[in-house]
Amino acid sequence: MGLFSRKKSAFGLDVGSSTLKVVQLEPGSKGYALRAFAMVDLPPDAIGEGMIKDPPVVVDAIKEVVGKARVQSKEAVISVSGRELIMKKIQLPKVNPKELGDAIMLEAEHHINLPIEEVYLDHQVVGQSAGQGGTMDVMLVAVKKTKINEYVAVVEEAGLSPVVVDVDAFAVQNQYEINNPEAPAEAVALIDIGASVMKTNVIRGGSSIFARDIAFGGNNYTRAICQRLNIPFEKAEAAKRGQEVPGVSWEDLVPSLEAVSRELSLEIQRTFDYFASTTESERISRIVLSGGCARLAGVDEFLSSSWGVPVEVVKPFQNIQFDPNRFPADDLYAAGPLLAVAVGLGIRREGDKPA
Ligand SMILES: Nc1ncnc2c1ncn2[C@@H]1O[C@H](COP(=O)(O)OP(=O)(O)OP(=O)(O)O)[C@@H](O)[C@H]1O
Ligand SMILES: [Mg+2]
């Protein structure tokens, strides 16, 4: 039994809209050790903005990434993201754990503009006032059943069993906590910018105090390059990633990159304004970037200068041991930002948190 029982060798499977990632962790002397990882790219239209558009292609890619990582386990921990996710911090009168489920059901109806039977609800207690008769803060998460079922279906179709369905923003937090065991007292914004969704999770003292997903990501950059240079998506994508593309120089990309980075900064502004308008407005002391866009040359400096706060790129393997003969450190560190969600999922085990 317990978190680390051998049998429960679940692994993290991040079904991103552009890249699938597998990370399998096992107990190590320092906490966690890396047992397996792999990444496989998806064609651009297989998943759009957190929605599976071409299930057979996704199923094949899942089989491929699991095979590539040589994972034996069938127990996949997966996640969803997207602007239609409802993540809200609500305040409830203090109730005992047994009554919490009912209290949340009652309260949820006021916060979710969808029929309650159409969503899966999850929650986490993120704070409470001292003494009896006080209040408790709960992070409420509601996701449409149809969306979860779509993801579960492709994973099952690939011959796996989805044992936990998490949310990207919270997976990034899980990852951050094992790599930064001393929970910072100030508010830190964890921002994962993938190909199509930007997920923000503001944490403080080890709890999430605000979370929001919006539609924005690396595809915005790639599309801007396509349009400006009139080249196909694949070429624009390769050029953006710094690969050699005949007839395209880095200077050609700069105007598009700058324009989209300004849009990104505005989107972050909107999210921070929204955060500030929630009950406990508070200064964000630091931004930690993850997702493939964190690898875009100069994006961290750009955001740091526009925000006046330190911006760092996530280090998901800082506190995870790995055998450098099996996993070359350069490869892992280069892939690092893309693997933040998968590392966070790799920590989860079936039944480890109350649903
Ligand atoms: N070296 C790089 N420079 C710039 N952009 C990069 C680089 N490597 C990857 N990207 C971009 O990062 C994005 C992929 O990141 P990531 O794998 O985090 O997204 P995803 O999980 O597939 O998507 P999402 O989370 O939005 O569903 C793509 O848009 C890709 O172009
Ligand atoms: Mg992602």
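Atoms within a ligand are numbered from 1 in the order they appear, just like the ligands themselves.
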TODO: Among Ile209, Ile284, Val188, Val126, find the residue that satisfies the side chain to side chain contact (heavy atoms under 4.5 Å, CB included) test when tested with Arg204.
DONE: Ile209
Task: Shared hydrophobic cluster, Val172 / Leu338 (ILVMFWY, side-chain heavy atoms < 4.5 Å) - done: no
Task: Min side-chain heavy-atom separation Met136-Leu100 under 4.5 Å - done: yes
- [ ] Classify the ring geometry between Trp307 and Phe272 as parallel (under 30°), tilted (30 to 60°) or perpendicular (over 60°).
- [x] perpendicular
Task: N-O pairing of Glu84 and Lys144 below 4.0 Å - done: no
Open item on the list: Can you list every protein residue that has a heavy atom under 4.0 Å from any atom of ligand 1, sorted by chain and residue number?
Closed with: Gly16, Ser17, Ser18, Thr19, Lys21, Gly194, Ala195, Ser196, Val197, Lys199, Gly218, Asn219, Glu237, Lys240, Arg241, Gly291, Gly292, Cys293, Arg295, Leu296, Leu338
- [ ] List for me each residue that meets ring pair (Phe, Tyr, Trp, His ring centres under 6.0 Å) alongside Phe327, sequence neighbours excluded, and say none if there are none.
- [x] none
